[in-house]
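Working notes for the structure below.
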Amino acid sequence: MIEAVLPQASLLKKIIEAIKELVSEANFDFSETGIRLQAMDKSHIALSFLHLRNDGFSEYRCDRSQTLGINLESFSKVLKCAANDDQVQIKATDKAESLSISFESTAKDRVSEFNVKLMDIDIDSVDVPDMDYQATVNMSSQEFARIVRDMMTIGEAITIDATKQGVKFSTSGDAGEGNILLRHRKTIDEEDGPSSTSVEINEPVSHSLALKFLANFAKAAPLADRVSINLIEDAPVMFEFKISDMGHIRFYLAPQIEE
Amino acid sequence: KGQQGRIDSFFKIS
């Protein structure tokens, strides 16, 4: 038996919106400690990783570990039937064939219930080793979304250069080229404002990445004020959006490699 | 310009 309650449906809506473009169907692994999801996109270029801890839910019960295969488009459609402030409960019995999702209004005078069919999804999962990143950029997630949008007007690939001075995003295309530099601030405090950027660096590092994937990652911006971009030579770049007090979404993107 | 890498060429499939 699985039962999980979130006080606001908007959080679950944002989580599903952040990954549904990259992953059409995914296995949700429920255990005593919480929910995990790992899925690659069809082209195996990006890996989405979601972790929601049990203590982030207002109620959480998982009698035995269970994997539920869910079509994210269907999940998203059902979640659109909830008001943002509705309480949402998801429930599945052992060996269930569907996931029950119910919404209760704040006044508790309206309760709706939907069932989404579960599916067997046979997908490869990968081992992500712990890595010592050479550089970590911590920046506003809104700023990240804006840079991705701006760069996409010019090119299809983006180069991220992290140095002690800051982080530079650049692109080029048939129409021309452009770059945006965010200077490193030592401390991120109120004086600097929430839009400031920090770059923790051991060694300068540079990666070229496909912009269309970053545009998908930027869909997680409503979940978190900040995003961290973790870079290491010759390995996928990791983008992390923390989900307040309960977990995170991480996206790993394979870099472009020299031919 | 480089060629697009794949996640499974960096991380092992378990």
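Chain identifiers are assigned alphabetically (A, B, ...) following the order of the sequence lines, protein sequences preceding nucleic acid strands; residue numbering begins at 1 within each chain. Atom set for the values below is all heavy atoms of this structure, side chains included, hydrogens, waters and symmetry mates excluded.
No more than 12 heavy atoms of other residues, nucleotides or ligands shown are found within 6.0 angstrom of NZ on A:K168. For A:D120, the CG atom sits in a loose shell: 12 or fewer heavy atoms of surrounding residues, nucleotides or ligands are nearer than 6.0 Å. Summarising the local packing, CG of A:D94 is surrounded by more than 12 heavy atoms from other residues, nucleotides or ligands at distances under 6.0 Å. Counting non-hydrogen atoms of other residues, nucleotides and ligands closer than 6.0 Å to CD of A:E32 gives a total of 12 or fewer.
Expressed to the nearest 0.5 Å, how far CD1 of B:I13 lies from CE of A:M40 amounts to 5.0 Å.
Interface remark: A:S125 contributes backbone and side-chain atoms alike to the contact with chain B (heavy atom separation under 4.5 Å). At a 4.5 Å heavy-atom cutoff, A:D41 makes no contact with chain B through either its backbone or its side chain.
A:P255 and B:Q4 make their closest contact through O-NE2, 3.8 Å (heavy atoms, listed as atom of the first residue, atom of the second, distance).
With B:I7 as reference, A:L47 is the one residue of A:L47, A:V128, A:D124 to meet the side-chain contact (heavy atoms from CB on, under 4.5 Å) rule.
Taking the six-membered ring wherever Trp is involved, the centroid distance between the rings of B:F10 and A:Y252 does not fall below 6.0 Å.
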